[in-house]
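Positions are given from 1, in the same order as the sequence printed here.
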Amino acid sequence: MADGMKTPWHLWLVGVLSLLWNAFGGYDFIMTNTQGETYMRASGMTQPMIDYFNAMPTWMYVPWTLGVWGAITGSVLLLLRMKWAVHAFALSVIGAVTSLIFGLMNPMPGLPPELAVMAYMPWIIAVIAALLLWYAWAMGKRGVLR
């Protein structure tokens, strides 16, 4: 796509929705790491859930960081129509899938009924990350991204 051509309307829609979705991940990352148990409790986490999170190995911060900040960076780069969005979303997928596998191998203790959706969140996050990667790749192939 030549620079003078119009950007498809769906790029703006996907880009803005992606940025909003992933900005919450960034907010959660920052609050969890700065406010710790206070934030987790305010989010409705039970003590066994907080203990589980606090026992997470230090190396798991790497995929978590890649997942969250790769997705935010990818969203911004997508809105800027830059091909680097594909790479950023790829890092996000790596982080999301690594976190998903870790969670499957080390399940969180019983969730209260009001937080049962949390059991599905790693899957939802991984699927959305993969869809955003695919979308950015497709836009790159079409020449929408520079």
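Here the straight-line distance linking atom CG of Asp28 with atom CE of Met40 works out to 9.5 Å at 0.5 Å rounding. Summarising the geometry, atom NZ belonging to Lys83 is positioned 10.0 Å from atom NZ belonging to Lys141; distances are rounded to the nearest 0.5 Å. The distance from atom CH2 of Trp21 to atom CD1 of Ile72, rounded to the nearest 0.5 Å, is 12.5 Å. The distance from atom CE of Met108 to atom CE of Met121, rounded to the nearest 0.5 Å, is 12.0 Å. A distance of 10.0 Å separates CE in Met31 from CZ in Phe24, rounded to the nearest 0.5 Å. The distance from the CG atom of Leu100 to the CD1 atom of Ile124 is 11.5 Å, given to the nearest 0.5 Å.
Tracing side-chain contacts under 4.5 Å through hydrophobic residues (I, L, V, M, F, W, Y), one never reaches Leu104 starting from Phe53; they form parts of separate clusters. Both Leu133 and Val16 are members of a single hydrophobic cluster when ILVMFWY side chains are connected at heavy-atom separations under 4.5 Å. With hydrophobic clusters built from ILVMFWY side chains whose heavy atoms lie under 4.5 angstrom apart, Trp134 shares a cluster with Val93. Ile94 and Leu77 fall into different hydrophobic clusters, defined by Ile, Leu, Val, Met, Phe, Trp and Tyr side-chain heavy atoms under 4.5 Å apart, directly or through other members. Taken together through direct or relayed side-chain contacts under 4.5 Å among Ile, Leu, Val, Met, Phe, Trp and Tyr, Trp9 and Leu131 form parts of separate hydrophobic clusters.
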Evaluation steps, side-chain contact (heavy atoms from CB on, under 4.5 Å), between Asn106 and Met56:
CA-CA 9 Å; Asn106 304 285; Met56 183 174 68; over 6 Å; no
Could you go step by step and tell me if Tyr27 and Tyr39 meet the side-chain contact (heavy atoms from CB on, under 4.5 Å) rule?
CA-CA 11 Å; Tyr27 170 78; Tyr39 171 70; 4.0 Å; yes
Starting from the C-alpha separation in whole Å, work towards a yes-or-no answer on side-chain contact (heavy atoms from CB on, under 4.5 Å) for Val14 and Met139.
CA-CA 11 Å; Val14 171; Met139 290 299 99; over 6 Å; no
Trace of the side-chain contact (heavy atoms from CB on, under 4.5 Å) decision for Val68 with Asn22:
CA-CA 7 Å; Val68 169; Asn22 291 309; over 6 Å; no
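Phe89 and Trp137 have their aromatic ring centers separated by at least 6.0 angstrom.
The two atoms that bring Trp69 and Gly26 nearest to each other are CH2-CA, 3.9 Å, heavy atoms only. Closest non-hydrogen pair, Met60 versus Thr98, comes out as CE-O, 4.5 Å. Residues Ser18 and Leu132 come closest through the heavy atom pair OG-CD1, 3.4 Å. In terms of heavy-atom proximity, Gly70 sits nearest to Ser92 at C-CB, 3.9 Å. Across all non-hydrogen atoms, the minimal contact from Pro122 to Ala119 is CD-O, 3.8 Å. When every heavy atom of Ala85 is checked against every heavy atom of Leu78, the shortest pair comes out as CB-N, 3.6 Å.
Between Val144 and Pro8 there is a side-chain heavy-atom pair separated by less than 4.5 Å. For the pair Trp64 and Asn33, the minimum side-chain heavy-atom distance is below 4.5 Å.
Of the options Leu80, Leu79, Thr73, a side-chain contact (heavy atoms from CB on, under 4.5 Å) to Val76 is made by Leu80 and by none of the others.
A donor-acceptor pair under 3.5 Å links the side-chain atoms of Tyr135 to the main chain of Leu11, judged by distance alone.
Around CH2 of Trp84, the count of heavy atoms belonging to other residues, nucleotides or ligands within 6.0 Å does not exceed 12.
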